[in-house]
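What follows is a single structure, written as structure tokens, with notes after it.
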Amino acid sequence: MRGRAPLHTAAAGIIVAILAASVLAADQLSKYLAIENLPLREAVPVWGEFLQWYLVYNPGAAFSLGEGYTWIFTIALGVVAVAIPVIVIRSVRSRVWAVTLGLLLGGVLGNLFDRLFREPGFGIGHVVDFILTPWMWFWMNPAIYNVADIFIVTMMIVVAVLILRGVRLDGTRESADVPTVSDEPVGD
């Protein structure tokens, strides 16, 4: 889609806001349904050993790491939740960056909501996780996660790909300063 005009600040903001709100709503609705319908810490097969529902309240980060430092994750999520709109307002003119950051913001807000408003208290709440993929264990605890986590991880991969491909926030690409080979013979 080359040749498209850059997004206006308002358009980028609207894209980010709509996508973030949609992901936040999907995340919180899925967590509500999990809490209302799943037994705590009991595997419910969905697709054999490949996919199961398994409701837990996670006080830590990925794989329950850092359980005693929940407040640090709350601060980190809060910083990201503020940084993304600032970046969008200041720099994003690319549709792909607006979509990526909107989906990422939605995931961040989903887990931030849990940290702020779930038990055991404000700022130290436990994140609701319920998707279990036993085959994805990474030599630690098995992966148990939620909809917000899916968006956070996939969008961070997209961010890395965009950066590696040289796509700037405004949609332009970094030019590689690669010397060209001349057809002219090099003289003595």
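Numbers here simply count residues along the sequence, with the first being 1. On a predicted model such as this, the values are computed, not experimentally measured, just so you know. Every heavy atom of this structure was used, including side-chain atoms; hydrogens, water molecules and symmetry mates were not.
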Original post:
Under a 4.5 Å side-chain heavy-atom rule over Ile, Leu, Val, Met, Phe, Trp and Tyr, are Val153 and Trp97 clustered together?
Top reply: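 No, Val153 and Trp97 fall in different hydrophobic clusters.
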
**OP:** Decide whether Val108 and Val86 are clustered together by the hydrophobic rule: side chain heavy atoms of Ile, Leu, Val, Met, Phe, Trp, Tyr closer than 4.5 Å, transitively.
**Re:**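 Cluster IDs for Val108 and Val86 differ.
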
Original post:
What distance separates Asp149 CG from Asn146 CG, expressed to the nearest 0.5 Å?
Top reply: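 CG of Asn146 is found 4.0 Å from CG of Asp149.
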
Original post:
Just how far is it from atom CD1 of Ile124 to atom CD of Glu119, taken to the nearest 0.5 Å?
Top reply: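 The distance works out to 9.0 Å.
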
Original post:
For Ala81 and Leu109, which heavy atoms make the closest approach, and how far apart are they?
Top reply: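 Between these two residues, the closest heavy atoms are CB-CD2, 3.9 Å.
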
**OP:** Please check if the side chain of Thr172 supplies one atom and the backbone of Arg168 the other of a donor-acceptor pair under 3.5 Å.
**Re:**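 No, Thr172 side chain to Arg168 backbone: no donor-acceptor pair under 3.5 Å.
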
Original post:
With Phe130, which residues qualify under ring-ring contact (aromatic ring centres under 6.0 Å, His included), at least two apart?
Top reply: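 Phe130 satisfies ring-ring contact (aromatic ring centres under 6.0 Å, His included) with Trp53 once adjacent residues are dropped.
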
Original post:
What pairs with Tyr57 under ring-ring contact (aromatic ring centres under 6.0 Å, His included), at least two apart in sequence or on another chain?
Top reply: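 By the ring-ring contact (aromatic ring centres under 6.0 Å, His included) rule, Tyr57 matches no residue at all.
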
Partner set under side chain to side chain contact (heavy atoms under 4.5 Å, CB included) for [X], not counting sequence neighbours:
{"X": "Val23", "value": "Leu103, Phe151"}
{"X": "Thr9", "value": "Ile89, Arg93"}
{"X": "Val16", "value": "Val88, Ala98, Leu105"}
{"X": "Ile75", "value": "Trp71, Val79"}

Original post:
Can you list every pair that meets salt bridge (charged side-chain N to carboxylate O under 4.0 Å, His left out) and has a residue in residues 73-91, with sequence neighbours left out?
Top reply: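 Qualifying pairs, neighbours excluded: none.
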
Original post:
For residues 7-19, which residue pairs qualify under salt bridge (charged side-chain N to carboxylate O under 4.0 Å, His left out), counting only residues two or more places apart or in two chains?
Top reply: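 Sorted result for residues 7-19: empty, none.
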
Subject >> Shared-cluster residues of Val127, by chain and number - hydrophobic side chains joined below 4.5 Å >> reply: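 The other cluster members (ILVMFWY side chains, heavy atoms under 4.5 Å, direct or chained): none.
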
Per-pair distances, 0.1 Å, donor-acceptor, side chain in residues 156-166, under 3.5 Å, sequence neighbours excluded:
none

With a 3.5 Å cut-off and sequence neighbours excluded, list the donor-acceptor pairs that the side chains of residues 33-48 form with protein atoms.
from: Asn37; atom 1: ND2; to: Leu33; atom 2: O; distance (Å): 2.9

**OP:** Give every residue pair that meets the side-chain hydrogen bond (donor to acceptor under 3.5 Å, both in side chains) criterion with at least one member in residues 19-33, sequence neighbours excluded.
**Re:**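 Passing the test, one end in residues 19-33: Asp27-Lys31, Gln28-Asp114, Gln28-Arg118, Lys31-Asn111, Lys31-Asp114.
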
Original post:
Does a side-chain heavy-atom distance below 4.5 Å link Val92 with Leu101?
Top reply: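 The answer is yes; the side chains approach within 4.5 Å.
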
